[in-house]
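Remember, it's a predicted structure, so these values are computed and weren't measured experimentally.
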Amino acid sequence: TGKQKTAQARTKRESIYIDLINEMQSLPPQPIKTKADILKEQLSQYGFFELEKVKTLSEQSKVLIIEKIAGSGLPYAIAMFDYLQFIPYLEKKHFDSKYKLNREVSKWFDSDKEGRAVKGNISSLLKNTTENKDRYTAYKHKENVIKDYELLK
C-alpha cells in the first residue's frame, strides 16, 4: 500500500541521515581560520615575507606583525605596508596599475570593491595631498607602525 511505501522511504532516509551524522562525527574538526591566517595566505602570495624589513624578523615576530595588521583596520595596515615598502613592491612586481593594486588590497580587508578606501589611505600618507584626511587616516598611524615594528625587531 501507499502508506507502507512512504514509511519505508522515510525509514531509509532516516537511516541515511543517521549514517551521515555518524560519519561527520568521526571526522576530525576543521580548524577555523582567523583573519590573520587568511591575511597571511594572501600576503604570502604577493611576496610580503620577501621584504627586507620582514625577512629580518623572527618567525614569532612575523606572526605578531600579521596579527597586528589584521586586527588594526585598513588605515593602520596601509601605514604599515608603506613603512615596510610593501606598496612600492606591489606596484613594481605585481600590478600594472594603482587601480588594480587598490582593488586587490581592498579585498584582503573586506573593504569597498573599487579600492577607494585603500587609495584614500595611501594618498593620506603623502605630504601634498588633497585627500580627505578626516576620512582616510593612515597618516595618523605613521609613528605607531614604526614603534610597533621596532618592538618586534
Side-chain angles (χ1 to χ4, degrees), residues 14-153:
E14 288 170 354
S15 166
I16 291 169
Y17 184 68
I18 289 168
D19 288 346
L20 202 63
I21 289 172
N22 289 334
E23 195 176 312
M24 285 172 61
Q25 287 176 336
S26 68
L27 293 172
Q30 296 302 308
I32 296 169
K33 286 187 179 176
T34 65
K35 256 177 144 176
D37 294 334
I38 295 165
L39 183 61
K40 182 180 179 185
E41 288 172 11
Q42 293 162 325
L43 295 181
S44 295
Q45 292 174 13
Y46 287 95
F48 180 79
F49 297 99
E50 306 307 311
L51 298 170
E52 284 307 312
K53 287 181 177 168
V54 178
K55 277 198 292 197
T56 59
L57 297 174
S58 69
E59 288 308 308
Q60 178 64 26
S61 290
K62 288 176 187 174
V63 169
L64 291 172
I65 201 167
I66 294 296
E67 287 175 356
K68 183 75 176 162
I69 292 168
S72 297
L74 184 64
Y76 179 92
I78 296 299
M80 183 60 87
F81 288 167
D82 181 66
Y83 178 70
L84 298 173
Q85 295 293 299
F86 192 41
I87 294 167
Y89 175 86
L90 289 171
E91 287 174 352
K92 200 162 82 179
K93 300 266 188 196
H94 294 283
F95 298 99
D96 55 10
S97 76
K98 285 181 175 19
Y99 176 70
K100 288 179 184 171
L101 179 144
N102 295 341
R103 284 181 58 137
E104 183 60 30
V105 173
S106 197
K107 285 181 200 168
W108 302 344
F109 295 93
D110 277 334
S111 191
D112 60 297
K113 260 204 322 229
E114 295 301 306
R116 180 64 183 98
V118 172
K119 178 182 190 253
N121 277 293
I122 291 171
S123 295
S124 83
L125 295 165
L126 304 171
K127 276 193 173 57
N128 301 323
T129 184
T130 57
E131 202 56 78
N132 179 343
K133 286 194 166 190
D134 293 328
R135 183 169 185 178
Y136 304 111
T137 57
Y139 71 96
K140 290 182 177 178
H141 297 279
K142 278 180 142 179
E143 289 176 25
N144 286 342
V145 298
I146 295 167
K147 260 190 270 177
D148 291 347
Y149 177 80
E150 291 299 322
L151 290 172
L152 292 173
K153 281 192 352 191

Requested in this report: Would you please test Lys140 and Tyr76 for side-chain contact (heavy atoms from CB on, under 4.5 Å) and show each step?
Outcome: CA-CA 8 Å; Lys140 290 182 177 178; Tyr76 179 92; over 6 Å; no

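- For the pair Tyr139/Lys127, no side-chain contact is recorded, criterion being any heavy-atom separation below 4.5 Å from C-beta on.
- At least one donor-acceptor pair under 3.5 Å links the side chain of Thr129 to the backbone N or O of Ser123.
- In this structure, Glu91 CD and Leu101 CG are separated by 6.0 Å, a value rounded to the nearest 0.5 Å.
- To the nearest 0.5 angstrom, Ser58 atom OG is 8.0 Å from Leu152 atom CG.
- For Lys133, the NZ atom is densely surrounded, since the number of other residues' heavy atoms within 6.0 Å is greater than 12.
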Query raised in the report: Does the pair Glu50 and Lys55 meet the rule for a salt bridge (Lys or Arg N to Asp or Glu O under 4.0 Å), with working shown?
Result: CA-CA 6 Å; Glu50 306 307 311; Lys55 277 198 292 197; 5.3 Å; no

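- Between Leu39 and Gln42 the shortest side-chain heavy-atom distance falls below 4.5 Å.
- Note that the CZ atom of Arg103 and the OG atom of Ser97 stand 9.5 Å from one another [nearest 0.5 Å].
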Report task. Kindly determine whether Lys100 and His94 satisfy side-chain contact (heavy atoms from CB on, under 4.5 Å), including the steps that lead there. Result -> CA-CA 9 Å; Lys100 288 179 184 171; His94 294 283; over 6 Å; no

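- Remark: Lys53 NZ is packed, more than 12 non-hydrogen atoms of other residues, nucleotides or ligands lying under 6.0 Å away.
- Just one of Ile65, Leu64, Ile69 meets the side chain to side chain contact (heavy atoms under 4.5 Å, CB included) condition when paired with Glu67; it is Leu64.
- Residues Ser44 and Phe49 share a closest heavy-atom pair of OG-CE1, 3.3 Å.
- Atom CZ of Phe48 is separated from atom CD1 of Ile66 by 4.5 Å, given to the nearest 0.5 angstrom.
- Taking CD from Gln85 and CG from Leu51, the interatomic distance works out to 8.5 Å, rounded to the nearest 0.5 Å.
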Requested in this report: Please test Lys119 against Glu131 for salt bridge (Lys or Arg N to Asp or Glu O under 4.0 Å), starting from the C-alpha separation and ending with a verdict.
Outcome: CA-CA 9 Å; Lys119 178 182 190 253; Glu131 202 56 78; 5.0 Å; no

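- Nearest heavy-atom pair, Val54 versus Lys62, reported as atom, atom and distance to 0.1 Å: O-CE, 3.3 Å.
- In this structure, Ala138 and Pro75 approach most closely via the heavy-atom pair CB-O, 3.3 Å.
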Query raised in the report: Which is it for Ile78 and Ile87 under the side-chain contact (heavy atoms from CB on, under 4.5 Å) test, yes or no, and what are the steps along the way?
Result: CA-CA 8 Å; Ile78 296 299; Ile87 294 167; 4.2 Å; yes

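- A donor and an acceptor atom, one from each side chain of Asn121 and Ser124, are nowhere located under 3.5 Å apart.
- Between Lys147 and Glu150 no salt bridge is recorded (no basic side-chain N to carboxylate O distance below 4.0 Å).
- Of all heavy-atom pairs spanning Asp134 and Thr137, the tightest one is O-CG2, 3.8 Å.
- In this structure a side-chain-to-backbone donor-acceptor pair under 3.5 Å is present from Asp37 to Thr34.
- Ring-centre distance between Trp108 and Tyr46: below the 6.0 Å cut-off.
- Shortest non-hydrogen contact noted between Lys35 and Ala70 is NZ-O, 3.8 Å.
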Query raised in the report: Where do Ile122 and Asn102 land on the side-chain contact (heavy atoms from CB on, under 4.5 Å) test, with the steps shown first?
Result: CA-CA 9 Å; Ile122 291 171; Asn102 295 341; 3.8 Å; yes

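- Taking the side chain as every heavy atom from C-beta outward, Leu43 and Phe81 approach each other to under 4.5 Å.
- Scanning all heavy atoms of the two residues, the minimum distance from Lys142 to Leu125 falls at NZ-O, 3.3 Å.
- For the pair Ser106 (side chain) and Asp112 (backbone), a donor-acceptor distance under 3.5 Å is present.
- To the nearest 0.5 Å, the span separating CG on Leu57 from CG on Leu84 amounts to 8.0 Å.
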